[in-house]
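First the proteins, then the strands, lettered A, B, ... as listed; each starts at 1.
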Protein chains: 2
Amino acid sequence: MARERKFSNEELFRLVKKMLLQHGYEGFHFGLLAEQLDISRGALYKYYENKDELITDFMLFEMQLFIGDLAQIENQGDFEAQFDFLMKLIFDKAEVHQLISVVQQMGSSSNDKAKVSKERLEKLPLEMYHYLQSFISLGKKERKLKEHIPDSVMLGLIFQSIAIPNHFGIPKSVWVESIKEIISKGMFAHS
Amino acid sequence: MARERKFSNEELFRLVKKMLLQHGYEGFHFGLLAEQLDISRGALYKYYENKDELITDFMLFEMQLFIGDLAQIENQGDFEAQFDFLMKLIFDKAEVHQLISVVQQMGSSSNDKAKVSKERLEKLPLEMYHYLQSFISLGKKERKLKEHIPDSVMLGLIFQSIAIPNHFGIPKSVWVESIKEIISKGMFAHS
DNA sequence: AATTTAAGTGACACAAGTGTAACTTAAACT
DNA sequence: AGTTTAAGTTACACTTGTGTCACTTAAATT
């Protein structure tokens, strides 16, 4: 019916991700994106009204992928296996955490359409928590997790651990194992 | 020798802090700052060549205050008291963590002077770690802390814990105590 | 081959922030 | 009172990104 597009959605999202991670929210703009896609800036406005709408769309896509991975936690056997799975997933998909922090930099949109999907976007962390509720419940039910600590503190700390800056370049395996140990058994020696 | 300044350094830094926390790095600009100080934008250029230089200057000031507080950890008695002091300090001065993340958003400066002090700035987290080295050493020496976990992982996790988002509005005291418990003794129940 | 239609282009007006420099103002010193 | 000096103002030129719209292009349909 019409000429074919010069770029695919995959290519677009791949570049958006790369640019967001590289330059952050402020450094991301249509000019740069268009250049990398080898199209004119104006063409992008055929698909997205503005930057926020594009980023929001991308994030919904990206987060749904991540939540898809996360959902597999239920097939991991006992509680310890689920814990290991979760930690591995988080450290393998470290970018997700960075991308979430980009969203929080997004100012309040002028656009109405963008506002709606941004609200959806802000609910995604909560949705993630919801998916993990069964994991925490299992742990508490099996008396593997301390029952007096609120679920959200546990999940928050687990997810935040990905963002600890490794200033001294500790090898990844040592790094991850150390964090897992602290989270599960603490940094205090047994007395 | 000349007319007196319409604003003090304290007032300036107070506003810079407020604006950085409220609007982030990108939302911070001379126009807004000048308006709040009730001076013209041009006047600010008498003191700082650009935004990065001002922010850098402010951050050095702010961090030195924080490091000053931190240094008092040595007067806190035994290891447990030092641990409690550190956690309390971090949660009382939560803004510091936010401010540090602002710095990481600063692009590479064009200005030479700014570049130099920005390098100094990026070393500050390391300097902080250095100040806390004695605390960790004490803990390990007294066999209160697990010796096989690298210092930087412990300190990183402690500092990062301030950034865990409290999506569900858990009361502060419960929140802080829960985090302290996980960090020190883990989230796993004793078997 | 002519027509339709969506993809893509390029120029324009706009907005917001930047940095500069000539100028004005007011305090302090002679 | 006159001079000096730093503080502050204002206007200007510049840069970078935004959003729009009339226009061109190329694939598919008839």
Side-chain angles (χ1 to χ4, degrees), chain A residues 1-13 15-16 18-20 22-58 102 105-118, chain B residues 1-13 15-16 18-20 22-58 102 105-118:
Chain A
M1 250 193 195
R3 63 195 285 190
E4 60 184 12
R5 283 175 56 164
K6 288 177 76 181
F7 62 97
S8 67
N9 252 308
E10 288 73 40
E11 199 184 349
L12 174 70
F13 281 168
L15 281 173
V16 170
K18 186 180 142 199
M19 286 175 53
L20 280 178
Q22 217 164 76
H23 306 290
Y25 175 73
E26 19 143 19
F28 178 91
H29 49 92
F30 275 17
L32 194 54
L33 182 57
E35 191 188 330
Q36 302 222 24
L37 282 170
D38 201 31
I39 56 169
S40 71
R41 193 173 55 84
L44 286 170
Y45 286 93
K46 286 276 151 76
Y47 305 100
Y48 300 96
E49 284 187 18
N50 55 45
K51 158 177 164 169
D52 281 5
E53 196 182 310
L54 169 53
I55 292 181
T56 303
D57 244 47
F58 160 73
V102 166
Q105 287 175 42
M106 279 174 62
S108 37
S109 312
S110 45
N111 186 312
D112 269 359
K113 218 184 292 179
K115 221 175 241 169
V116 172
S117 47
K118 207 195 144 206
Chain B
M1 254 191 190
R3 64 194 288 189
E4 60 184 12
R5 283 174 55 163
K6 289 177 75 180
F7 64 95
S8 67
N9 254 308
E10 288 73 41
E11 199 183 350
L12 175 69
F13 281 169
L15 281 173
V16 170
K18 186 180 139 200
M19 287 177 51
L20 279 179
Q22 218 165 74
H23 306 291
Y25 176 73
E26 18 144 18
F28 178 91
H29 48 92
F30 274 17
L32 194 55
L33 181 58
E35 190 188 331
Q36 302 221 25
L37 282 170
D38 201 32
I39 56 167
S40 69
R41 191 172 57 84
L44 286 170
Y45 286 93
K46 287 276 152 73
Y47 306 100
Y48 300 96
E49 286 187 17
N50 55 45
K51 156 177 167 171
D52 280 6
E53 195 181 312
L54 168 52
I55 292 181
T56 303
D57 244 45
F58 160 73
V102 166
Q105 287 176 42
M106 280 174 60
S108 37
S109 312
S110 45
N111 186 311
D112 268 359
K113 221 184 288 175
K115 220 174 242 171
V116 172
S117 45
K118 208 195 142 204

Mind checking what makes ring pair (Phe, Tyr, Trp, His ring centres under 6.0 Å) contact with B/F58, not counting sequence neighbours?
B/F13
Students often get this wrong, so: under 4.0 angstrom with heavy atoms, is A/F7 touching a base, only sugar-phosphate, or nothing?
sugar-phosphate
Worked check of side chain to side chain contact (heavy atoms under 4.5 Å, CB included) between B/L54 and B/E49:
CA-CA 8 Å; B/L54 168 52; B/E49 286 187 17; over 6 Å; no
Would you kindly give the NZ-to-P distance between A/K46 and D/dA22, to the nearest whole Å?
12 Å
Strictly distance-based, threshold 3.5 Å: is any side-chain N or O of B/K6 a donor or acceptor partner for the main-chain N or O of B/I39?
no
Write down the atom of A/H29, the atom of A/M19, and the distance for their closest heavy-atom approach.
O-CE, 4.1 Å
Does the side chain to side chain contact (heavy atoms under 4.5 Å, CB included) test come out yes or no for B/D52 and B/Y25, once each step is laid out?
CA-CA 9 Å; B/D52 280 6; B/Y25 176 73; 2.5 Å; yes
Footprint string (nucleotides 24-30 of chain C, 5' to 3'): B base within contact, S backbone only, - free, heavy atoms under 4.0 Å:
-BBBS--
The criterion is side-chain contact (heavy atoms from CB on, under 4.5 Å); which residues satisfy it with B/E11, sequence neighbours excluded?
B/F7, B/S8, B/R14, B/L37
C/dT9 phosphate, OP1 or OP2: any side-chain N/O from A/K6 under 4.0 angstrom?
yes
Could you state the CG-P distance from B/L54 to C/dG19, rounded to the nearest angstrom?
12 Å
Quick one: ring pair (Phe, Tyr, Trp, His ring centres under 6.0 Å) partners of A/F28, sequence neighbours excluded?
none
Does a side-chain N or O of A/Y47 approach OP1 or OP2 of C/dA7 to a distance below 4.0 Å, or not?
yes
Starting at CZ of A/F30 and ending at C1' of D/dG17, how long is that distance when rounded to a whole Å?
11 Å
What's the CG-P distance between A/L44 and D/dT20, to the nearest Å?
14 Å
All ring pair (Phe, Tyr, Trp, His ring centres under 6.0 Å) counterparts of A/F30, not counting sequence neighbours:
A/Y45
A/R5 CZ to D/dA28 P: how many Å, rounded?
15 Å
Pair B/R41-B/E35, side chain to side chain contact (heavy atoms under 4.5 Å, CB included): steps then yes or no:
CA-CA 8 Å; B/R41 191 172 57 84; B/E35 190 188 331; over 6 Å; no
Rounded to the nearest angstrom, tell me the gap between atom CD in A/E53 and atom P in D/dG19.
10 Å
Residues from residues 35-43 of chain A sitting under 4.0 Å of DNA chain C, heavy atoms only?
A/I39, A/S40, A/G42, A/A43
Interatomic distance where CD belongs to B/E26 and P belongs to D/dT18 [whole Å]
12 Å
Nearest whole angstrom, please: distance from the P of C/dG17 to the CG of B/L33.
13 Å
